[in-house]
Protein chains: 4
Amino acid sequence: MAVSAEKIGSEKYQKIIQAATKVFAQKGFYNSKVADVAKEANVADGTIYLYFKNKDDLLISIFEESIDTFTLEVQKQIAGVTDPVEKLARFITLHLDLVRSNQDTAQVLQIELRQSTKFIKEYAGTKFKDYLNIVSDILEEGQAKGVFRKDLNSAIVKRVIFGAVDEMALEWVLMKKKKYSMEEAAAQICAMFIEGLRVPKVA
Amino acid sequence: MAVSAEKIGSEKYQKIIQAATKVFAQKGFYNSKVADVAKEANVADGTIYLYFKNKDDLLISIFEESIDTFTLEVQKQIAGVTDPVEKLARFITLHLDLVRSNQDTAQVLQIELRQSTKFIKEYAGTKFKDYLNIVSDILEEGQAKGVFRKDLNSAIVKRVIFGAVDEMALEWVLMKKKKYSMEEAAAQICAMFIEGLRVPKVA
Amino acid sequence: MAVSAEKIGSEKYQKIIQAATKVFAQKGFYNSKVADVAKEANVADGTIYLYFKNKDDLLISIFEESIDTFTLEVQKQIAGVTDPVEKLARFITLHLDLVRSNQDTAQVLQIELRQSTKFIKEYAGTKFKDYLNIVSDILEEGQAKGVFRKDLNSAIVKRVIFGAVDEMALEWVLMKKKKYSMEEAAAQICAMFIEGLRVPKVA
Amino acid sequence: MAVSAEKIGSEKYQKIIQAATKVFAQKGFYNSKVADVAKEANVADGTIYLYFKNKDDLLISIFEESIDTFTLEVQKQIAGVTDPVEKLARFITLHLDLVRSNQDTAQVLQIELRQSTKFIKEYAGTKFKDYLNIVSDILEEGQAKGVFRKDLNSAIVKRVIFGAVDEMALEWVLMKKKKYSMEEAAAQICAMFIEGLRVPKVA
DNA sequence: TATGAATGAGTATTCATTCAT
DNA sequence: TATGAATGAATACTCATTCAT
C-alpha cells in the first residue's frame, strides 16, 4: 500500500505525475477523472494505484515534487550572491521564470491546490514554508546588513512578496494575449518593493 | 427557471447565500453537499433550486454579491480623499478589514472560487476587474499628480498590490493563532509599497 | 379528497382534461409535468388537485371521458341499422373517424394508456370492454341472422377487428405525410374482413 | 462510451437484457429502477452502464435484439413455401407462437415500447418496418400470382393484419385464464382474412 | 508489475403533492 | 375555491477504487 521510495524515481511514476499535471491544469482537479490521467499517461487505471495511494495523493505528490524543485533551483541560483537586494531580485525573477517554464505545474499549484481547505490546511505548513522562508532569510540578512529597513516584520513581508509575485505569475499564465513580458513584470516588481512607489527624492 | 431579480432581495435568498458561504468555507465547495447548505439554511433541498439554477450558480452568486459590496464600500471610503498615497493606504487597510469582517466570504472567494479554472476564466473578466481597477485608478491619479513614479505600468502594479494584500489576508484568515494584528499587517504593506524596502537615505 | 360528481361537469374540470390530453399526447404521460398541464390549462398547479386525485387520475379520467363518448357515439350511429354487414362497416368507419377528429385523445388512449401494465390490467376490464362488445354484439347478431360464419368465435373476432382498426388509426395519426385517406383505409378494412383477401370466385 | 459490437454477444450483455426484459414486463419501464434490473441480473448498478448507454438504451436494445430474432425466424419459416395463402397463414401462426414463447419480451415490445411517442417516432421507421414488410411482400406476391385481390393496398393491409395479430397476442398474453388456445386464435385470424366473414356462397 | 472489468457508494436535481394564505 | 411557494422522497448515473487474471 505504501509507495516505496524507489518507485518515486521510476519512469512510470514520472510519466503519471506529468500526465496528472497536464490533466489537472486543463480540467481542474475535481473535474478530472483518474481514468483521464491513466489515458494521458498511457497506463491502465489500476496502475496508478501502484504508484499513488489515491487521487488526493496524486495532487499532493505534484505539489511536493515541484515545490522541491523550485526550492532547490532558487537556492542554487542565489547561493553565491552576497547583496540581499540582488538576492531578492533573483528570487522574484526566478519564481516568475519557473512559472513560465512550468505553466501546467504552476496552474495546478496556484489554482488547484487552493481548491480545498483540506489541502491548504494540511500542506501549507511543510515544504511550502521552506520555500517562503527563502524570502524571509533574504530579508533578515538584508536587515542584519543594514540594507533593509528594520521596522518591517519578515513574517509579513515574505507573504506580501510571495503573494505579489504569485498573483502576477497566475495572471500572466492565464492571460491569453500577453500584454507585457515577464521580464518587464519582474523588473517592475523588484522596483516597487525595493525602491517603493514614491517618486525618488532628488538628492 | 431563470431566477427573477426580485427573488435576489428576498429573505430566503439571503438566508441561502449565507448558509452556502458558511458551508463552503468550512468544507470546501466540492466537499459540500447541496443538502448541507439546505440544512444550514433551514430550508428543504428543493427550495434552493427555486432561487439558484444549480450548485455552481450558488458559488457564482456568492462571488457577485460580495464583490459588489466590496467595490461599493471601498469606493465610498476613498471618495473624499485627494492624496493618492492616502487613497492607496485606505484601499489596503479596507480590503484587509473587509476580509476580517467577512472571513467565510473571503475564504470562499479566495480559495473555493479559484478551485476551478472554469470560474476563473469566466468571472475574472467582469466584476472582479472593476474592483482591481480601483487600484490602477489610484496609481494613475498618483502618477498624474507626480506623486508616484511614472515608470511603473499600472496594469502590472494593480495586480502586484492586489496579490500582496490578498495573500496576506488569506494567510491571516487561515492562521489559527494570530501572530500579528491586521492593523500591523496593513501598515507594513503600505510602508513597503510606498517607501520601499531600502533603508531611507539620510538626507 | 374524493372528487364530487358535480365537479366533473364544471368548466374548469373540462379545461384541465383538455389541457392534459394535449400535453400528454405531445410529450407522453411520464414526460409531462403536472405543472405543464396546469400552465396549459391556465390554472395553478394546486388547482388540479381540487379536481383530480393525482396525476394517474388525470390519465384515467381522460380514458373514461373519451371511451364513454366513443361508445355513445357509435351506439347512436348504428342504432337504426339492421344489416350486420352495414353495422360493422359503420363501426369501422366511425372508429377511424373519431380518431381523426380527436387525434390528441386517440394518441393518449392508444399510446399512453398502454404505457403501464398497471393501467392496462386495471382498466382493460371495464368501460373498454363495453366498447369492444359493440363489435361482438354485431358479430353475434350477424351469426344469428345467418349473415356471418358461425365457426368464428366472437371473443376472438372482436379483438382482431379492434386491433386491425386501431393499429390502422394509430399509424394514420402518427404518419406525417398521409399516403392514403382514412376513407380509403376504412373501405379496405371493411372489404378485407367482410369479403376476405381471396379473389372472389366468379359465379 | 459507445458500446462496442463485441460486447453485444457477451454473456453479461445477454444476462442484463434478459433481466431488463423481465423487470420491465413486470413493473413497466418507467416504474422499474435501474437498480432493479441490476439486481435481477446479479450485477452491480454500474455494470449496466458498461454495456448500455442509459436506461432508454436498455429498452431500445431489447427491441432491436428481439425484432431481429423475430424477423429472421419468420423469414426462415416461410422461405420454402410457394403458396401466398400458406405463407400468410404461417406468418400469423408464427407471430402468435413467438409471442407465446417470449411473453416478457412481447409485453415489453407491445406495451412498454409504445409508451413513449419518442420511441415510436424514432424506431417505427427502422427494423420494425422490415418486419412489417414481410407481410406486404406476401401480399404483393399473392396479388401478382392472382391469388389475392388486386384492389387492396398492401401498405394498408400489412398494418391491418399486423394490428389484428398483435392485438390478439397482447390480449392472449395478458389474459390470465386462457379462454381459447393460441392455435384456435391463429386459425380464426387466418380464416377471417383469407375467407372473409361472410358465409361462403354455396356454388 | 500491469491490466481493465466490475463494483457500489455517493449526490445533484426533479417534480408530484401539500397547505398557509 | 384558487393559489404557488415550499417540501422532500426518489433515482439515474458517475467514478474512485479493487482484485482476479
Separation of [X] atom [atom1] from [N] atom [atom2], in whole Å?
X: K39(D); N: dT11(F); atom1: NZ; atom2: P; value: 14 Å
X: I16(D); N: dA5(E); atom1: CD1; atom2: P; value: 14 Å
X: L58(D); N: dC13(F); atom1: CG; atom2: P; value: 10 Å
X: D36(D); N: dA10(F); atom1: CG; atom2: C1'; value: 12 Å
X: L59(A); N: dA16(F); atom1: CG; atom2: P; value: 13 Å
X: I48(D); N: dC13(F); atom1: CD1; atom2: C1'; value: 11 Å
X: Y30(C); N: dA10(F); atom1: OH; atom2: P; value: 15 Å
X: K33(A); N: dT17(F); atom1: NZ; atom2: P; value: 15 Å

Are any non-hydrogen side-chain atoms of [X] and [Y] less than 4.5 angstrom apart?
X: K22(B); Y: Q26(B); result: yes
X: Y13(A); Y: S61(A); result: yes
X: Y51(C); Y: L58(C); result: no
X: E65(B); Y: Q14(B); result: yes
X: D104(C); Y: V108(C); result: no

Can the ring centroids of Y30(C) and F29(D) be said to lie less than 6.0 angstrom from one another?
->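 Not close enough - the centres of the two rings lie 6.0 Å or further apart.
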
Per V34(D) side chain, nearest of listed nucleotides dA16(E), dA12(F), dT13(E) |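 Of dA16(E), dA12(F), dT13(E), dA12(F) is nearest to the side chain of V34(D).
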
Identify which nucleotide among dT14(E), dT18(F), dC13(F) has an atom closest to any side-chain atom of Y49(B), counting heavy atoms from C-beta outward.
->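 Closest of the options to the side chain of Y49(B): dT14(E).
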
Atom NZ of K15(A): over 12 foreign heavy atoms under 6.0 Å | yes

Do other residues, nucleotides or ligands put more than 12 heavy atoms under 6.0 Å from K55(C) NZ?
->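 Check passes, neighbour count above 12.
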
How would DNA chain E look in dot-bracket form, 5' to 3', counting Watson-Crick and G-U wobble pairs with both distances under 3.5 Å and writing | for bases paired to another strand?
-> .||||||||||||||||||||

For nucleotides 2-4 of chain F, tabulate all protein N/O to nucleotide N/O atom pairs closer than 3.5 Å, reporting atom names and distance.
from, atom 1, to, atom 2, distance (Å)
dA2(F), OP1, K12(C), NZ, 2.9
dA2(F), OP2, Y51(C), OH, 2.7
dT3(F), OP2, A44(C), N, 3.1
dT3(F), OP2, T47(C), OG1, 2.5
dG4(F), N7, G46(C), N, 3.3

Starting from the C-alpha separation in whole Å, work towards a yes-or-no answer on side chain to side chain contact (heavy atoms under 4.5 Å, CB included) for I17(B) and F52(B).
-> CA-CA 10 Å; I17(B) 282 275; F52(B) 301 90; 3.8 Å; yes

